Structure formats: C-alpha cells, structure tokens
Novice: 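Questions regarding the structure given below will be posed in turn.
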2 protein chains.
Amino acid sequence: MRADARRNRDQVIAAATAVIAEEGPDASLNEIARRAGVGPGTLYRHFPTRRELIAAVFRERVETLCAGADRLAAASPPGEALTAWMRAMLKHVLTDRGLATAMMDIGPVAGFDCHALLRSTAGRLLTAAQAAGAVRPDLQVEELFQLITGIAHATPDLPHATRLLSLTLEGLHAPH
Amino acid sequence: MRADARRNRDQVIAAATAVIAEEGPDASLNEIARRAGVGPGTLYRHFPTRRELIAAVFRERVETLCAGADRLAAASPPGEALTAWMRAMLKHVLTDRGLATAMMDIGPVAGFDCHALLRSTAGRLLTAAQAAGAVRPDLQVEELFQLITGIAHATPDLPHATRLLSLTLEGLHAPH
DNA sequence: ACCTGAACACCGTTCAAGT
DNA sequence: ACCTGAACACCGTTCAAGT
C-alpha cells in the first residue's frame with residue numbers, strides 16, 4: 001500500500017470517527033471526505049460501502065470490549081461476569097448516538113467480523129452463566145444482543161439505559 | 001375548509017400511509033406528494049413538518065389501540081390486561097417497519113397528542129396492575145414505552161418481538 | 001384560498017481526467 | 001496505483017406564479 005494511500009485511509013477513519021460521533025451513523029459521506037481533506041472518490045476507493053467505513057471505525061472499540069470479557073470471566077462468578085459485560089457493552093454502544101444498530105448490522109467486511117466477535121464473546125459468558133444456574137437456560141445470544149441494541153436505541157443516556165437493563169435482567173413482574 | 005383542499009389532504013394521508021408502510025418513516029416526501037397526485041408545495045401546506053404528517057397517519061391507529069384498553073381492563077385481571085395491551089401495542093408498532101421511534105417521538109401536533117394518549121392509557125393499566133401486586137411497583141410508564149419501542153426496533157418480526165417481550169416480563173435471571 | 005411546479009441547496013455515487 | 005473533483009440523479013424545502 002502506497003504511503004499516501006495509507007495516510008488518506010487513516011485520515012478518513014479519523015474524520016469518520018469524529019463526524020459519526022457528532023451526527024450518528026447516517027452522517028454525510030461527502031462531509032467526512034471533506035473533513036479528511038480528500039475527494040469523495042478517495043473515500044469510496046477505500047470504503048466501497050458505508051458499512052465498511054463503519055466497521056473500520058468500530059474495529060478497535062469492539063476488539064477492546066471483547067478482550068475485556070476474559071478479564072471479567074476470571075475475576076467474577078459467571079452470572080456477574082455476564083451482566084457486567086452487558087453493562088460494558090451497553091456503555092460502548094451508547095458512546096456515539098444511535099450506533100447500536102449500525103454496530104450489530106454490519107456483516108463481515110475486510111477480514112473483520114464485528115458481529116461474530118461480539119457473538120462468540122457473549123456466547124462464552126452466557127454459556128458459563130447458564131451452567132452456573134444464574135441465567136435462564138433458554139436464553140439465546142441473539143436475543144441478548146437484541147435486548148441491548150433495543151435498549152440503547154430507545155434510551156437517551158447511560159443512566160436510563162442501565163435502569164432498563166436492570167428491569168430486563170430482573171423482569172417486570174412483581175417479585176413473589 | 002375548501003372541498004379540493006380537504007380532498008388533497010385525504011389523498012396525501014392515504015399516500016403517506018402506503019409509502020410509509022413500504023419504506024418506513026423516512027420515506028421521501030416528494031414521492032408521497034407524487035403518489036397523492038399533488039405538488040410538493042401542497043403537501044407542505046397541509047403538513048409543515050414530517051412529524052405532523054406522521055401524526056396524521058397514526059392518529060386513527062393510536063386511537064383504536066387506546067380504545068381497546070378499556071375493553072381489556074373490564075375483561076381481565078389487571079396484570080393480564082396490562083401484558084395483553086403491551087402485546088397489542090407491540091403489534092401495532094410493528095405493523096409498519098421501524099415506526100416505533102416515530103410514533104413515540106412526535107409531540108403534540110394539531111390538537112392530537114399521540115404520546116399523551118398512549119401514556120395515560122398505559123398509565124391506567126399499569127397502576128391497576130401494580131395495585132393488584134402483579135407488576136413491580138417501581139416501574140414507570142416511560143420505561144414501559146422505552147422497552148416496547150426498543151424491542152420493536154431491534155426485532156425483525158412479531159414472533160421475535162413477542163419472545164423478547166416475554167423475556168422482559170419474566171426477566172433474564174434463572175427462576176430460583 | 002389554495003394549488004402548482006420550477007428552483008435551490010443538499011446528498012450519495014460514479015467516472016473521466018490527471019499525477 | 002492512486003487521487004481529484006465535476007457530474008448525475010436524487011432528496012427536502014421554498015416561493016413566485018397561477019386559478
């Protein structure tokens with residue numbers, strides 16, 4: 001990869017990170033290119049679809065999040081490890097406005113499968129929590145993602161989101 | 001209101017209902033005007049903002065949904081009435097793609113406050129269910145809406161949404 | 001009063017022309 | 001190879017001109 005191409009690519013990712021944080025995942029691609037100081041054609045050359053650009057922006061973030069799961073699993077009993085990781089994921093997902101959907105929707109692109117990495121990480125924690133009897137045995141990983149995604153989307157900030165996650169973990173029915 | 005104005009207004013609402021059902025709440029307004037057989041200016045004259053158009057489309061639907069609550073409350077114990085109504089609401093919200101947010105976001109427009117009507121209806125059912133001890137006493141109406149909205153957004157169809165609603169009602173933790 | 005539709009500023013996307 | 005930026009088809013929105 002030529003030096004100027006590499007530099008342009010990095011500048012586009014940096015600009016995209018900033019603009020997406022401000023305007024959400026529907027941010028204007030022309031604006032991102034402008035901010036990065038390149039032509040729109042250059043942006044398209046590096047990232048043929050919006051999905052690939054978003055995946056590049058999230059890559060580091062998702063990898064960090066998933067790497068934290070092993071630490072949690074070693075430090076806490078399985079049930080607590082799972083809920084702590086769900087809270088961490090919720091926080092990451094809420095960092096930028098409305099990125100929840102984008103983050104879960106993008107399929108494998110350019111050798112990085114955001115969704116698969118999240119899925120296998122959550123799957124390990126979930127299986128352990130179920131084996132320990134802390135979580136209902138019929139719960140699926142996808143359902144867990146859908147709930148986090150939904151909460152992140154419906155909620156204005158982290159405190160509200162955290163409250164909804166608690167409600168979901170404990171259930172709406174009165175304790176009996 | 002002049003006869004041609006009234007007719008144009010109705011045609012715009014009908015076209016909007018159809019187009020929004022197909023393309024979601026971000027559907028092109030020019031396309032809606034075209035389909036209604038009017039100029040874009042006419043659409044704007046009747047509905048200055050997208051919100052007002054969406055409110056008009058939802059009005060009848062929301063009123064029907066809320067009217068059903070009294071029937072439910074008379075026919076079932078409070079806890080069941082609430083969950084039955086939540087399921088009905090989820091179904092209505094899912095009728096068109098991704099309308100959940102739009103439906104909850106629109107404020108009072110033109111003498112019809114979609115959100116307030118839903119809120120007071122759900123509030124009655126919730127209070128009754130809490131008084132009967134069927135639902136946890138700290139649950140807020142807004143939280144209930146956020147959960148339904150979130151589930152509707154994160155979910156592809158009614159069966160999946162219903163399953164997530166069950167999980168939310170019962171909680172993710174294992175029964176002990 | 002009410003409607004029309006041309007017009008403006010934007011957006012996503014492409015592609016010929018340059019280096 | 002890689003980049004540029006003009007160009008195209010769209011969109012939301014406005015407003016002068018018509019009836």
Side-chain angles (χ1 to χ4, degrees), chain A residues 1-58 96-99 101-102 105-107 109-111, chain B residues 1-58 96-99 101-102 105-107 109-111:
Chain A
M1 193 166 192
R2 235 166 61 179
D4 56 344
R6 159 107 259 145
R7 206 187 54 237
N8 277 334
R9 206 190 114 95
D10 292 345
Q11 280 167 344
V12 167
I13 294 182
T17 303
V19 176
I20 286 176
E22 289 167 21
E23 304 179 20
D26 292 332
S28 158
L29 296 180
N30 281 355
E31 164 71 10
I32 291 173
R34 208 186 50 71
R35 202 95 82 98
V38 303
T42 302
L43 187 150
Y44 276 84
R45 160 168 283 271
H46 287 293
F47 307 102
T49 75
R50 171 174 238 114
R51 281 173 46 174
E52 314 207 25
L53 177 57
I54 292 180
V57 168
F58 287 166
D96 302 300
R97 267 234 146 276
L99 284 188
T101 336
D105 277 356
I106 42 181
V109 281
Chain B
M1 194 164 189
R2 236 168 58 180
D4 57 343
R6 159 106 261 145
R7 206 186 55 238
N8 277 334
R9 207 189 114 95
D10 292 344
Q11 280 168 344
V12 168
I13 294 181
T17 304
V19 176
I20 286 176
E22 290 167 20
E23 303 180 20
D26 292 331
S28 157
L29 297 180
N30 282 354
E31 164 71 10
I32 290 173
R34 207 185 51 70
R35 202 96 81 101
V38 304
T42 301
L43 185 150
Y44 275 85
R45 161 168 282 271
H46 288 292
F47 308 101
T49 74
R50 169 174 240 115
R51 281 173 44 172
E52 314 207 27
L53 178 56
I54 291 179
V57 167
F58 288 166
D96 302 300
R97 267 234 147 275
L99 284 189
T101 337
D105 278 355
I106 42 181
V109 282

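These numbers come from a predicted model, not from an experiment. In what follows, chains carry the letters A, B, and so on, assigned in the order in which the sequence lines appear, proteins first and then strands, with residues in each chain numbered from 1.
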Novice: Send over the distance from B:Tyr44 OH to D:dA16 P, rounded to a whole Å.
Specialist: 17 Å

Novice: Tell me which nucleotide among C:dC2, D:dG12, C:dT4 gets nearest to the side chain of B:Asn30.
Specialist: D:dG12

Novice: Between D:dC2 atom P and A:Gln11 atom CD, what is the distance in whole Å?
Specialist: 16 Å

Novice: Taking the side chain of A:Ser28 as its heavy atoms from C-beta onward, which of D:dC3, C:dC11, C:dA6 lies nearest to it?
Specialist: C:dC11

Novice: Given D:dT4, D:dG12, C:dT4, identify the nucleotide with an atom nearest to the side chain of A:Thr42.
Specialist: D:dT4

Novice: Counting side-chain heavy atoms from CB outward, which of C:dA6, C:dG12, C:dC2 is closest to A:Leu29?
Specialist: C:dG12

Novice: Assign each of A:Glu31 and A:Gly41 to its nearest nucleotide of DNA chain C by heavy atoms, then name whichever residue's nucleotide is nearer the 5' end.
Specialist: A:Glu31

Novice: Can you tell me how far apart CZ (A:Arg6) and NE2 (A:His46) are? Round to the nearest 0.5 Å.
Specialist: 9.0 Å

Novice: So what's D:dA9 paired with, Watson-Crick or G-U wobble, going by both distances under 3.5 Å?
Specialist: none

Novice: Between B:Arg34 (CZ) and D:dC10 (P), how many Å, whole number?
Specialist: 11 Å

Novice: D:dG5, C:dC2, D:dT14: which one has an atom nearest the side-chain heavy atoms of A:Pro40?
Specialist: D:dG5

Novice: Could you pick out which residue, A:His46 or B:Ala27, lies toward the 5' side of DNA chain D when each is mapped onto its nearest nucleotide?
Specialist: A:His46

Novice: So, does A:Arg7 use its side chain to make a donor-acceptor pair with the main chain of A:Arg2 at under 3.5 Å?
Specialist: no

Novice: Can you check the A:Leu43 CG to C:dC15 C1' distance for me, whole Å?
Specialist: 16 Å

Novice: Could you give the CZ-to-C1' distance, from A:Arg45 to C:dA16, as a whole number of Å?
Specialist: 14 Å

Novice: Roughly how many Å is it from CZ in B:Phe47 to P in D:dG12, rounded to a whole number?
Specialist: 16 Å

Novice: Distance check, rounded to the nearest 0.5 Å: B:Asn8 atom CG versus B:Arg45 atom CZ?
Specialist: 10.5 Å

Novice: Starting at CD of A:Glu22, measure out to CZ of A:Arg35 and round the result to the nearest 0.5 Å.
Specialist: 4.5 Å

Novice: Could you give the CD1-to-C1' distance, from A:Ile32 to C:dC11, as a whole number of Å?
Specialist: 12 Å

Novice: Could you work out which one of D:dG12, D:dA1, C:dC3 sits closest to the side chain of A:Arg2?
Specialist: D:dA1

Novice: Any side-chain to backbone donor/acceptor pair from A:Thr17 onto A:Ile13? Under 3.5 Å, distance only.
Specialist: yes

Novice: Measure from CG on B:Asp4 to C1' on D:dT19 and round the result to the nearest Å.
Specialist: 10 Å

Novice: For C:dT19, give the paired nucleotide (Watson-Crick: N1-N3 plus N6-O4 or O6-N4; G-U: N1-O2 and O6-N3; both under 3.5 Å), or none.
Specialist: D:dA1

